[in-house]
S.K.: 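Structure in structure tokens, see below.
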Protein chains: 2
Amino acid sequence: MPLSTADRSVLEPAIRRLSALRPLSAEARSSLEYSMLEGLQRAGSGEDLITEGDRVDGVRILLSGWLGRYKTLDDGRRQIVNFVFPGESCDAHAYLLSEMDHSIVALTPVVYAEIKRTRFESLLANNPTLSEAFWCETLLNNAIQREWAINLGRRVALERVAHLFCEIFERLRPVGLVDGHSCLMPVTQMDLADATGLSVVHLNRTLQELRAAKLIVLRERTLTIPDLDALKNAALYSPSYLGIYRATEAVR
Amino acid sequence: MPLSTADRSVLEPAIRRLSALRPLSAEARSSLEYSMLEGLQRAGSGEDLITEGDRVDGVRILLSGWLGRYKTLDDGRRQIVNFVFPGESCDAHAYLLSEMDHSIVALTPVVYAEIKRTRFESLLANNPTLSEAFWCETLLNNAIQREWAINLGRRVALERVAHLFCEIFERLRPVGLVDGHSCLMPVTQMDLADATGLSVVHLNRTLQELRAAKLIVLRERTLTIPDLDALKNAALYSPSYLGIYRATEAVR
DNA sequence: CGTACACTTGAGAAATTTCAAATATAGTGG
DNA sequence: CCACTATATTTGAAATTTCTCAAGTGTACG
């Protein structure tokens, strides 16, 4: 469903994030803003934005809420293979491949901008700097996906959940969604379980362990990390995969 | 160490694979060949081609042997997050990010072509079709990486190893490295364990299970899959993530 | 021939899952 | 606003998977 009344401030996360990846010219920025404002959309929690096997015909840029990229096995097992946070896009360039290899679901109510393929392509053709920013995003995604592999393959439950929380913090920070030591945690424990490859029951117990160790406070849909370094320590966190964000952090 | 005598046939896997991703113009093909022939290199088994934290300054295209992309945790745990097979490139465009987020090791003796950044960039600039092929490769890598996430997060040991073998088959096929029902399996069980997130001991037992079920034959560094569909079944394999290869398969 | 490395086996320990049920919490219609 | 219902979180206990440790057997290579 299209949004009618929209002021430009809803676009802020997208602009902020792309600028963090590559400095955008004023011109690139304004034509992007124009294209986004034309395609504002909402989706409700639980709604699939796109399903494995679909063909893609454009790009969506998330403006608020959380999305989950997921894959399922025939017997229903589900793995969230990545989150999409405000400012991040999904499917940029995906039309270069034949079809979607995964699905994307709204884990919360979301607002996003949809830009059709032809529009998007001309936007990139006219703004090399923008094109580079989107490609950078693809590369960054790749790096994040690799980190998820070691997270799922080699970290034990506690480290794994701790690591996810660290990553969420670092990815929300550049778009201004970390407030002091806290951020919103709007998803269910089931979602977190599917993202960490754990059962809900064990995820729940792991959260309690993290709470008992005073590494996190999690209540009323808010995650607080009193001491991020301590949590990173528990997670065996290594920062190199989000390297491109580091400049951003310094600027804060 | 540079290779001296080199005939053009060593380049075949690379040309074959890129052509599978995007049809290459004769011109693109020959300038790529020329650039590759100039930068032929070898590395011995166990040698790191590049290490996490390094800056990248070019692209390498693997011509023979297997590479492993891996990450490690401080206490030594290692996860191979992906393999690189002949014809695949590593680090294409990686110089757009600040530094390597992972390391790449030669799991066998390898031959590869190295193209320096400036050379590579002008190659892409002059051959849009080539540029698209390389970007396609990046997107495909992304899809593979997502599949690894569900493999590590949601498949049990037997399914996981079975799935890895199916994937290896499907990725080796387009470059002509599958011979009937067999392909080379030149890596150690330790490497396979690190790729599937299992301990060596458990990987070994899982292989025995697969053998007992007649799903694989594995001896003398050769993997035979008598009935690929049966193995895919056991792996809960879903083909959508290697979709772009499907045209290739049909052509065979 | 020896030494290092790769593979295999056994057995107990640990992590994680499953099943089942109890308690919260949130959303909905009256 | 409340009662009702569905969903989300939490708890207990047993079953299962996977890991660790330790040792034995092969195999390749100098």
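What's counted below: heavy atoms across the whole structure, side chains too, no hydrogens, waters or symmetry copies. By convention in this document, chain letters (A, B, ...) are assigned in the order of the sequence lines, proteins followed by strands, and residues within each chain are numbered from 1.
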S.K.: dT18(D) P sits how many Å from Leu152(A) CG, rounded?
M.R.: 15 Å
S.K.: Which is more 5' along DNA chain D, the nucleotide nearest Gly153(A) or the one nearest Thr188(A)? Just name the residue.
M.R.: Thr188(A)
S.K.: Using a 4.0 Å cut-off on protein heavy atoms (strictly under), produce a 5'-to-3' string for nucleotides 23-30 of chain D with B for base contact, S for backbone-only sugar-phosphate contact, and - for none.
M.R.: --------
S.K.: Can you confirm whether Asp74(A) is buried at CG, in the sense that more than 12 heavy atoms of other residues, nucleotides or ligands lie under 6.0 Å from that atom?
M.R.: no
S.K.: Which atom names give the shortest non-hydrogen contact between Arg77(A) and Arg155(B), and what distance separates them?
M.R.: NH1-CA, 3.9 Å
S.K.: Check every strand shown and say whether Gly197(B) touches a base, only sugar-phosphate, or nothing at a heavy-atom separation below 4.0 Å.
M.R.: sugar-phosphate
S.K.: Tell me whether the count of non-hydrogen atoms from other residues, nucleotides or ligands lying under 6.0 Å of CG in Asp48(B) goes above 12.
M.R.: yes
S.K.: Name every residue in residues 198-216 of chain B that has at least one heavy atom under 4.0 Å from any atom of DNA chain D, in order of residue number, or write none if there are no such residues.
M.R.: Leu198(B), Ser199(B), Val201(B), His202(B), Arg205(B)
S.K.: Decide if atom CG of Asp179(A) counts as having more than 12 heavy atoms of other residues, nucleotides or ligands within a radius under 6.0 Å.
M.R.: no
S.K.: What distance do Phe83(B) atom CZ and Leu107(B) atom CG have between them, rounded to the nearest 0.5 Å?
M.R.: 6.0 Å
S.K.: Between P on dC7(C) and CG on Leu192(B), what's the gap in Å once rounded to a whole number?
M.R.: 8 Å
S.K.: Kindly assign one of parallel, tilted or perpendicular to the pair His163(A) and Tyr237(A), based on the angle between their ring planes and the thresholds 30° and 60°.
M.R.: tilted
S.K.: In degrees rounded to 10°, what angle is found between the helical axes fit to the five outermost pairs at each end of the helix from dT8(C)-dA23(D) to dG30(C)-dC1(D)?
M.R.: 50°
S.K.: How long is the line joining CD of Gln189(B) and C1' of dT9(C), in whole Å?
M.R.: 13 Å
S.K.: Round to the nearest Å and state the distance from Arg219(A) atom CZ to dT25(C) atom P.
M.R.: 12 Å
S.K.: Looking across every strand, which nucleic acid part, if any, lies under 4.0 Å from Arg221(A) by heavy atom: base, sugar-phosphate, or nothing?
M.R.: sugar-phosphate
S.K.: I'd like to check Val161(B) versus Leu192(B) (side-chain heavy atoms, cut-off strictly below 4.5 Å). Are they in contact?
M.R.: no
S.K.: Can a donor-acceptor pair be found, under 3.5 Å and without considering hydrogens, that links the side chain of Arg154(A) to the backbone of Gln79(B)?
M.R.: no
S.K.: Atom OG1 in Thr108(A), atom CZ in Arg221(A): separation rounded to 0.5 Å?
M.R.: 10.5 Å
S.K.: To the nearest Å, how far apart are Leu218(A) CG and dA24(C) C1'?
M.R.: 15 Å
S.K.: Run the salt bridge (Lys or Arg N to Asp or Glu O under 4.0 Å) test on Glu52(B) and Arg146(A) for me, step by step, so that the C-alpha distance in whole Å, both residues' side-chain angles and the decisive distance to 0.1 Å come before the verdict.
M.R.: CA-CA 12 Å; Glu52(B) 181 173 349; Arg146(A) 281 187 286 266; over 6 Å; no
S.K.: Starting at atom CZ of Arg160(A), determine the distance to atom C1' of dT17(C), rounded to an integer number of angstrom.
M.R.: 13 Å
S.K.: Any chance you could measure Glu47(B), atom CD, to Leu67(B), atom CG, to the nearest 0.5 Å?
M.R.: 11.0 Å
S.K.: Whole Å only: how far is the CZ atom of Arg154(B) from the C1' atom of dT17(C)?
M.R.: 10 Å
